[in-house]
Amino acid sequence: MARHLITSALPYINGIKHLGNMVGSMLPADVYSRYLRQRGHDVLYICATDEHGTPAELAAKEQGLPVDEFCAQAHDAQKAVYDGFALAFDYFGRSSSPQNVEITQHFARRLNENGFIEERAIRQVYSPADGRFLPDRYVEGTCPHCGYDKARGDQCENCTRVLDPTDLINPRSAISGSTDLEVRETKHLFLLQSKLQHEVEAWVSRHEADWPQLASSIARKWLNEGLHDRAITRDLDWGVPVPADTWPELAAEGKVFYVWFDAPIEYIGATKEWSDLDPENRDWKSWWYEADDTVRYTEFMAKDNVPFHTVMFPATELGVREPWKKVDYVKAFNWLTYYGGKFSTSQKRGVFTDQALDILPADYWRYFLIANAPESDDSSFTWEHFTATVNKDLADTLGNFVNRVLSFSKKRFGEEVPQGSAAGEAEAKLGEQIAELLAEYEAQMEALQFRKAAAALRALWSAGNSYLEEKAPWLEIKTDKDGAALTLRTAMNLIHLYAVVSEPFIPASAKVMREAFALSDDTATWVSPEEAKALAAVPAGTAFTVPPVLFAKLTDDDLAAYKERFGGQDA
């Protein structure tokens, strides 16, 4: 089986993420990773918190904590939420790790040796009151376009216009509030992406036909506009230090690498973090170095991260002139909106992942988000849509099927799977249908088409309900007890099948379904379409229990409460 390396865009450290962040990167990566593991592949799913940059320093200052302490606490808080969502990372690291420092500095040295880094003088805002140069986000003021008085020096969050610090009206330091600002000359390192333009274009050309249209079009847009040399250092106290052995003057000034230089390298750094925990049994380099023929690398991210992963990071990897693994497939997502408006971490707009888990178990959210993933275009989260999906798909179609089959069988036949008569025409027809639907589900999962995969999974669940309605064992038992027993035994085998193949979407509920049956040797990780035809994984005589209700139906009162708490109107 193939070796699959999977990464999702690193969640930034400054706060718990919203549902849009979850569905645009980590959750689909987890669903795909789980599926591949079930199919027998060797999978390594790596993620980490992205901890450097201005927002981390500002968030730490706001909480009155040293930035390293803030990041450590925030990492643990985010990891707890992801555990709550049952994200099965092989490792969830930190971009501030020593491993990432080591590898980032190595990359910088190699790029410099190969002529792709240049030291340049630029003019930058300086605050005498703070005794430091201010990165763009450390300068605040009034937006000249919309009048928003808390605009940052890089962008106005209110009107989204891209800004320069010198554009702001009444600019002030975000650290001290001082308005005594100057523009001074300072030096920074630039990555000469312009010299790598043709190599990046050639690399993208070899891959873009296989990528989703969203990913390839964004990469091509950047390339068509031309790659510009980009500053990769900043004046911050927190970040990967510029190595003194290569740039002693800049190191003495406390320069650190720009977060978008070191963050993608953390995919490699986090893999080394994972490997260093058990170096005798884990080889991080086998996943990243000279691995083109042995590893398939898939990245998951929302569209705003696509340029950095399809152009900037590949340029970095190409420039080091070493055989580092580059991405094979970029699964890009559009935005999940909240009633048509943007989710926003900074403006606390929308549902955040910790709040979601306070309301309902993870499987409700996992299924809804993947079934409505913003793949071909933006999709809107509304409480009306969420409650309707939960009630129709999870409570009525799957949950009700499981409960009524097991409850009715226990009531009429006891706590063992009944034998009944031999399978007949209806069962043969069902087996063929299930095999066809399962093959469709597999095909969509292989293609990373998550909404279509969810539709195929939903169709599998619906097939069981249609069979049950057709056979009507509650009527059948009055005239043909063995026939009713066969119907229930077949339905119980469907429940076991659902437990196995639904695990990537709803792992906790799948576990409950599977554990309802006291099978002595239940080791199957997947069910092939051919195996599914027989519907014979749970033989007669197997003891079973009726689990608690898998999915509670959401009421009008629930809907009203959610909208009152979070808001629910057009943006």
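We're numbering straight along the sequence, starting at 1.
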Run the salt-bridge test on Lys285 and Glu290 with the 4.0 Å N-O cut-off and return the result as yes or no.
no

Classify the ring geometry of Phe92 against Tyr82: parallel below 30°, tilted from 30° to 60°, perpendicular beyond 60°.
perpendicular

Strictly below 4.0 Å, N to O, side chains only: are Glu51 and Arg94 in salt-bridge contact?
yes

Please confirm whether the backbone N or O of Trp461 pairs with a side-chain atom of Thr397, one donor and one acceptor, at under 3.5 Å?
no

Would you call the rings of Phe381 and Tyr338 parallel, tilted or perpendicular if under 30° counts as parallel and over 60° as perpendicular?
parallel

Kindly write out the residues that satisfy salt bridge (charged side-chain N to carboxylate O under 4.0 Å, His left out) with Lys429, not counting sequence neighbours, or none if the list is empty.
none

Should the pair Phe386 and Tyr562 be assigned to parallel (<30°), tilted (30 to 60°) or perpendicular (>60°) ring geometry?
perpendicular

Salt bridge check, Lys563 against Glu384: does any charged N sit closer than 4.0 Å to a carboxylate O?
yes

Does Arg282 pair with Asp276 as a salt bridge, N-O distance under 4.0 Å?
no

Locate the shortest heavy-atom distance separating Ile218 from Pro307; write the atom from each residue and the value.
CG2-CG, 3.6 Å

Would Lys410 count as a cation-pi partner of Phe413, with NZ or CZ less than 6.0 Å from the six-membered ring centre and within 45° of the ring normal?
no

Once you measure the plane-to-plane angle for Trp526 and Tyr441, does it fall in the parallel (<30°), tilted (30-60°) or perpendicular (>60°) bin?
parallel

What I want to find out is whether Arg404 reaches Glu469 closely enough, with some N-O distance under 4.0 Å, to be called a salt bridge.
yes

May I have the step-by-step check of salt bridge (Lys or Arg N to Asp or Glu O under 4.0 Å) for Asp482 and Arg489, ending in yes or no?
CA-CA 10 Å; Asp482 282 346; Arg489 173 165 55 85; over 6 Å; no

Salt-bridge criterion met for Lys326 and Asp292 (N-O under 4.0 Å):
no

Cationic tip of Lys411 above Phe408 ring, under 6.0 Å, 45° of axis:
no

Below 4.0 angstrom, N of the basic side chain to O of the carboxylate: do Glu427 and Lys533 qualify?
no

